[in-house]
**Student:** 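This structure is in structure tokens; I'll ask about it shortly.
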Amino acid sequence: MWSMLRGSLVVFILIFSWVSHGSASVTYDKRSFIINGQRKILISGSIHYPRSTPEMWPDLIQKAKDGGLDVIQTYVFWNGHEPSRGKYYFEGRYDLVRFIKVVQAAGLYVHLRIGPYICAEWNFGGFPVWLKYVPGIAFRTDNGPFKVAMQGFTQKIVDMMKSEKLFQPQGGPIIMSQIENEYGPVEYEIGAPGKAYTKWAAEMAVQLGTGVPWVMCKQEDAPDPVIDACNGFYCENFFPNKDYKPKMFTEAWTGWYTEFGGAIPNRPAEDLAYSVARFIQNRGSFINYYMYHGGTNFGRTAGGPFISTSYDYDAPIDEYGLPSEPKWGHLRDLHKAIKLCEPALVSADPTVTYLGTNLEAHVYKAKSGACAAFLANYDPKSSAKVTFGNTQYDLPPWSVSILPDCKNVVFNTARIGAQSSQMKMNPVSTFSWQSYNEETASAYTEDTTTMDGLLEQINITRDTTDYLWYMTEVHIKPDEGFLKTGQYPVLTVMSAGHALHVFINGQLSGTVYGELSNPKVTFSDNVKLTVGTNKISLLSVAMGLPNVGLHFETWNAGVLGPVTLKGLNEGTVDMSSWKWSYKIGLKGEALNLQAITGSSSDEWVEGSLLAQKQPLTWYKTTFNAPGGNDPLALDMSSMGKGQIWINGESIGRHWPAYTAHGNCNGCNYAGIFNDKKCQTGCGGPSQRWYHVPRSWLKPSGNQLIVFEELGGNPAGITLVKRTMDRVCADIFEGQPSLKNSQIIGSSKVNSLQSKAHLWCAPGLKISKIQFASFGVPQGTCGSFREGSCHAHKSYDALQRNCIGKQSCSVSVAPEVFGGDPCPGSMKKLSVEALCS
Ligand code: GAL
């Protein structure tokens, strides 16, 4: 009894001190997270710190804030922080504390997804490669050595955050953490040990005492008090496993990753906004955009295999740090609309009314009087007219209208008020090159190790390089029949992946490579063997270690055989158990050619001696940084496959020779989205441009090194600036506009009118109205054309209001354009303007 009394006293004192001192806390219930006693609908976005540079962070975070975000979500990248066991690295792009403090300085919160398994299309899903070689280890299951390592790293990160006072109860920005990542599907596959591991992981995390909630995404059985959460393109029908947990959408996929060989996935802004609005209307209180800024897989950090260097993701902020319009602006407007609904959303349960087939109203009515409504049309084809209250509302197909006062529509997910912009990659310079020939390695030389049989690649390289040479020799006697017939023997090489170059006597005889869905490769071709000793040198190339899949740590890479030679006098020879020599990495890597200090070798040649379309060639040049602040990239379309470094920093793997397969026939925003639905770039390189961070450059004398595996013409490499040279708006008459602070409270909602807003990047002005039509114009930004009805004075108002200005707005109403060109039709204004 006494202990019960004492218990309630403690609770009372705790509550009392929290109330009286307003002491910091993060709690939750079914309606929302509660931060310092305040309920919030939280809008979050993923920005992964190593996928940009520290110099980019403040601007990215500011753009996230301007886009209406409250929270920045990031994974923690174990293999970046502990590249070899016990040796830690928290500098440069891996300066986690600095990143969190940048977010804090901007006044935003942090969701820290420690993992330490993170998936993320990141090399080995974030696990350090050494972890695979810890005796007795098995990843992500009830395994002693794994749990010790996982706990060790998680504890280290939590301790670091605590000592920097970064958790919210300490006055810091971290309001929640994550342990594991999408473990539910693995647990489902492996059963009991998986279940035990989940329980252990949750308990281990909770006992670290961070003072903020833990989340486990895609984990239906997340043990209390850990919150289970949903990831996907849509999550409106998900509910957490206990009715006192908030409904979280930890990964609303803004697009999808690009793989080498694949086309570029895009997700229409209308569909993304629709997914988020549906989630919020159905009691959602936390949404995170994965990714809000995707960035770049610099160096060899891309996972996969075959994940491209760009991790743009079609995110609202593009790889280069520029707003991707109209997505960024459309979501900003959505967030404003949601925030106007917040008082009602956090204080009431919704009432759902069916307004017709595929038509619903979700209404939140708080005791305080606050009222918010969401009118939804789930039909992918037809628009609808619905009556709600005493008013009629038009709902475009596949859309949600938001009414923060239950009367006025301030936003519809399918009506984009934000401008769209067309980005251009403007060439600024080409280079003059020197080349260095990387010799083909051969067996039994002093820098090789010789063993019996074929060995797994990662086991040998420990992923210190992409490259491993497998070499042997074949002796051809003068009486071999093929020498007379000219029918050369067929060499067959089976490899577990990921790419393979076959050299016979130093000559490239062929290249094969796999793809993400099947990394295995087989080379099988006639090879030109001559009398005497023939050198067979196989260069096996790893293209990023897998980041997802059951026990992906056990997946192999490299030439595992069989390797056979068919068509000799004795028939087919199996060479798999012969003596093979191994050489880890390239000669150029050993010489450190990519480093600033390592590249001054006498063997660099230029002018007429410059290598022309030669495989295995290093190229070097120096250049001055172009002026201005526009982001920079290298156009590598004239090259094949390899890696790029600037001033010793690795830009990543290039592979423009791998062209994009997919379906690029255009797409409609309406209807269920998947990552193959809205692809672009088919037939071209999966990745043509490679981001060069400005902060890696000095004003002059920058060193650019390219290693090329296949051939290619370096004279075609250009440095380009990314600029926004044209902007468009496409606005319906009567469409609400949420620009800037037009809406301060719902009282202002009534004064809303339809407006087109245009703005050029800082320093640029609108120089020309390329197209303007008020009526029923057709097409999209860059390809607008007049429709059957067009106001003849369409250009006038725009020219008057916009030319010579950085930004302008024009009302979308008939009187502005000299009268109604077609009364009774639904009209819009389409405009395209040039910035210079
Ligand atoms: C999720 C995973 C993320 C990322 C995403 C695809 O399932 O949690 O880390 O891999 O898929 O981009």
Side-chain angles (χ1 to χ4, degrees), residues 44-51 72-80 111-127 139-140 176-189 198 201 214-220 222 226-235 238 248-260 262-267 272 275 286-297 301-317 319 516-517 544-550 552 673-679 686:
S44 169
S46 292
I47 299 180
H48 294 158
Y49 50 98
R51 286 176 155 145
I72 301 298
Q73 187 203 62
T74 182
Y75 283 126
V76 175
F77 296 78
W78 187 359
N79 52 10
H111 179 196
L112 194 67
R113 304 172 96 190
I114 301 179
Y117 167 68
I118 61 168
C119 192
E121 292 71 68
W122 189 258
N123 200 39
F124 225 30
F127 288 131
F139 288 6
R140 303 182 75 204
M176 59 186 86
S177 289
Q178 180 179 298
I179 195 75
E180 251 294 341
N181 188 76
E182 297 194 333
Y183 189 67
V186 179
E187 182 185 305
Y188 179 80
E189 294 273 339
T198 298
W214 286 90
V215 177
M216 283 178 127
C217 60
K218 270 205 194 171
Q219 185 79 58
E220 281 171 21
V226 177
I227 308 162
D228 58 322
C230 185
N231 296 344
F233 289 117
Y234 309 93
C235 278
F238 160 87
M248 300 180 72
F249 196 167
T250 28
E251 291 182 21
W253 298 324
T254 54
W256 200 243
Y257 55 82
T258 302
E259 57 191 79
F260 285 124
I264 298 161
N266 303 281
R267 184 174 189 191
L272 177 56
S275 161
F286 174 100
I287 111 100
N288 174 71
Y289 296 99
Y290 187 99
M291 301 294 296
Y292 195 74
H293 168 257
T296 311
N297 294 314
T301 60
F306 299 101
I307 299 296
S308 66
T309 296
S310 168
Y311 198 63
D312 180 83
Y313 221 88
D314 196 24
I317 302 178
E319 175 175 9
L516 176 53
S517 56
L545 302 185
N547 55 272
V548 67
L550 210 55
F552 63 78
F673 179 80
N674 66 60
D675 59 300
K676 304 275 184 304
K677 186 178 170 191
C678 299
Q679 296 178 314
S686 291

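We count ligands from 1, going down the list as the structure has it; atoms in each ligand are counted the same way.
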**Student:** Quick one: which ligand 1 atoms are inside 4.0 Å of a heavy atom on I118?
**Tutor:** 9 (O)
**Student:** Under the 6.0 Å and 45° cation-pi test, does R267 pair with Y234?
**Tutor:** yes
**Student:** Does N181 approach ligand 1 within less than 4.0 angstrom via side chain, backbone, both or neither, non-hydrogen atoms only?
**Tutor:** side chain
**Student:** If you measure every N/O of A120 against every N/O of ligand 1, is any gap under 3.5 Å?
**Tutor:** yes
**Student:** Near W256, which atoms of ligand 1 are under 4.0 Å from a heavy atom of that residue?
**Tutor:** 6 (C)
**Student:** I want to know if ligand 1 touches Y313 in the polar sense, i.e. an N/O pair below 3.5 angstrom.
**Tutor:** yes
**Student:** Can you tell me which residue among W122, Y290, Y313, Y292 is in a ring-ring contact (aromatic ring centres under 6.0 Å, His included) with H48?
**Tutor:** Y290
**Student:** Relative to atom 10 (O) of ligand 1, which among E251, E121, Q178, H48 owns the nearest non-hydrogen atom?
**Tutor:** E121
**Student:** Test of understanding: with disulfide (SG to SG under 2.5 Å), list the residues that count as partners of C230, not counting sequence neighbours.
**Tutor:** C235
**Student:** Give yes or no for whether the N/O distance cutoff of 3.5 Å, strictly under, is met between E182 and ligand 1.
**Tutor:** yes
**Student:** Check this for me - ligand 1, Y75, N or O atoms closer than 3.5 angstrom, yes or no?
**Tutor:** yes
**Student:** May I ask you to list the atoms of ligand 1 that are less than 4.0 angstrom from any heavy atom of Y290?
**Tutor:** 3 (C), 4 (C), 9 (O), 12 (O)
**Student:** Hey, does the side chain of Y188 reach the backbone of Y183 with a donor-acceptor pair shorter than 3.5 angstrom?
**Tutor:** no
**Student:** Main chain of G295, side chain of Y311: is a donor-acceptor contact present, judged purely on distance under 3.5 Å?
**Tutor:** no
**Student:** Please collect all salt bridge (charged side-chain N to carboxylate O under 4.0 Å, His left out) contacts where either partner lies in residues 113-127, sequence neighbours excluded, each pair once.
**Tutor:** R113-E251
**Student:** Treating N79 as the side-chain partner and N123 as the backbone partner, does any N or O pair qualify as donor plus acceptor under 3.5 Å?
**Tutor:** yes
